[in-house]
Asker: 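The structure follows.
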There are 2 protein chains.
Amino acid sequence: MTIDKSLLTGSTTMLILKLLDESDMYGYQMIEELRKKSNNTFELKAGTLYPLLHTLEQKNMLTSYEETADNARVRKYYSITKKGRKHLSEKKEEWKAYTSAVNDVLGGATFATA
Amino acid sequence: MTIDKSLLTGSTTMLILKLLDESDMYGYQMIEELRKKSNNTFELKAGTLYPLLHTLEQKNMLTSYEETADNARVRKYYSITKKGRKHLSEKKEEWKAYTSAVNDVLGGATFATA
DNA sequence: CTCCATATGTAGATAATCTATATAATTATA
DNA sequence: TATAATTATATAGATTATCTACATATGGAG
């Protein structure tokens, strides 16, 4: 298997797809969810997320629809597609291979469990 | 602890420092070592490595010296400094925190061990 | 002698993310 | 009720890491 060179910088895409694999969400909600699930490690910026969502939609990994919340505020929900799920699955494999390789260099099994 | 935003793209620096933490090496050797230790996952390019080594030397994380090999070829060896070791230690902590956070989002303990 | 591996290096391109800025509605606060 | 903070989406421009491509030169194999 070939590791995508952009995996390091591209892990944000994987995380977004993972969130949407669990349920449809709107942008602002993704930022909050990512922050919570990672124990405040990820503070994804709006300026990073929205262009990324637009790109993923163009690539047919996501579809979107607008929905009016109780308070009459309009939110844009995103839904993962079959193509998006396939991409997520591939990225997860790459992530495992990459972290495993880094841990090998950092000292093998002794490091990862330290 | 705050996670360095450039950790994703910056893991190459950590890996280079780790190699030099074990023994002095010259550039070409680092590429080979990284490839071997990672089971061919990392194919670091010369165009990535050499400018990176120069930058790390400027930042006093490394020092260098030239040595003539048996075959009369001159090699430029790099040695890690105290400052470099401190930086490596910090990067390793960030790496652990980051991968842990990603794995949390990807499904917690069930993912990492799957 | 020619080709390949070794060895170091720079320039320019690409891509991911960030900061800064913009807009606007809702909710909380004084 | 005015004002500030939060919610919500969006774009432009800057930064940075890495890559590809190119340049140079030596040593060893055929």
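Each chain gets a letter, A, B and so on, in the order the sequences are listed, and its residues count up from 1.
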Asker: In whole Å, I'd like the distance from the CG atom of B:L49 to the P atom of D:dA17.
Answerer: 15 Å
Asker: Distance check needed: D:dT6 P versus A:R75 CZ, whole Å only.
Answerer: 17 Å
Asker: Whole angstroms only, please: what is the NZ-C1' distance between A:K45 and D:dA12?
Answerer: 18 Å
Asker: Indicate yes or no: does B:E22 engage B:K18 in a salt bridge with an N to O separation below 4.0 Å.
Answerer: yes
Asker: What is the distance, to the nearest angstrom, from the CE atom on B:M30 to the C1' atom on C:dT8?
Answerer: 12 Å
Asker: Out of C:dT6, D:dT9, C:dC18, which nucleotide sits closest to the side chain of B:R73?
Answerer: C:dT6
Asker: Looking at A:T81 and A:M61, would you say the former's side chain and the latter's main chain have a donor-acceptor pair under 3.5 Å?
Answerer: yes
Asker: Taking OP1 and OP2 of D:dT18, is either one under 4.0 Å from a side-chain nitrogen or oxygen of B:T12?
Answerer: yes
Asker: Between A:N103 and A:T99, is there a donor-acceptor pair closer than 3.5 Å when you use the side chain of the first and the backbone of the second?
Answerer: yes
Asker: For the residue pair A:Y77 and A:Y26, categorise the inter-ring angle as parallel (less than 30°), tilted (30 to 60°) or perpendicular (more than 60°).
Answerer: perpendicular
Asker: Given D:dA10, D:dC19, C:dA7, which nucleotide is nearest the side-chain atoms of B:Y50?
Answerer: C:dA7
Asker: Between B:T48 and A:T48, just flag the one whose closest nucleotide in DNA chain C comes earlier from the 5' side.
Answerer: B:T48
Asker: Could you check which residues of residues 18-27 of chain A get a heavy atom under 4.0 Å from DNA chain D? Sort them by number, please.
Answerer: A:Y26, A:G27
Asker: Whole angstroms only, please: what is the CD-P distance between A:Q58 and D:dA10?
Answerer: 12 Å
Asker: Can you tell me which nucleotide in D:dC19, C:dC18, C:dT8 comes closest to the side chain of A:L44?
Answerer: C:dC18
Asker: Check the side chains of B:D104 and A:S38 for a donor-acceptor pair under 3.5 angstrom, ignoring hydrogens and angles.
Answerer: no
Asker: Would the number of heavy atoms belonging to other residues, nucleotides or ligands and lying under 6.0 Å from NZ of B:K83 be above 12?
Answerer: yes
Asker: Among B:D24, B:L52, B:L53, which one satisfies side chain to side chain contact (heavy atoms under 4.5 Å, CB included) with B:L62?
Answerer: B:L53
Asker: Among C:dT8, D:dT9, D:dT11, which nucleotide has an atom closest to any side-chain atom of A:H54?
Answerer: D:dT11
Asker: What is the distance from OH of A:Y77 to P of D:dA8, rounded to the nearest Å?
Answerer: 8 Å
Asker: On the nucleotide D:dA10, are OP1 or OP2 found under 4.0 Å from the side-chain N or O atoms that A:K76 carries?
Answerer: yes
Asker: Using whole Å, report how far CG of B:L53 lies from C1' of C:dG9.
Answerer: 11 Å
Asker: When you measure from the side chain of A:Y28, which nucleotide among C:dC18, D:dT9, C:dT8 comes out closest?
Answerer: D:dT9
Asker: Can you check the A:L52 CG to C:dC18 P distance for me, whole Å?
Answerer: 11 Å
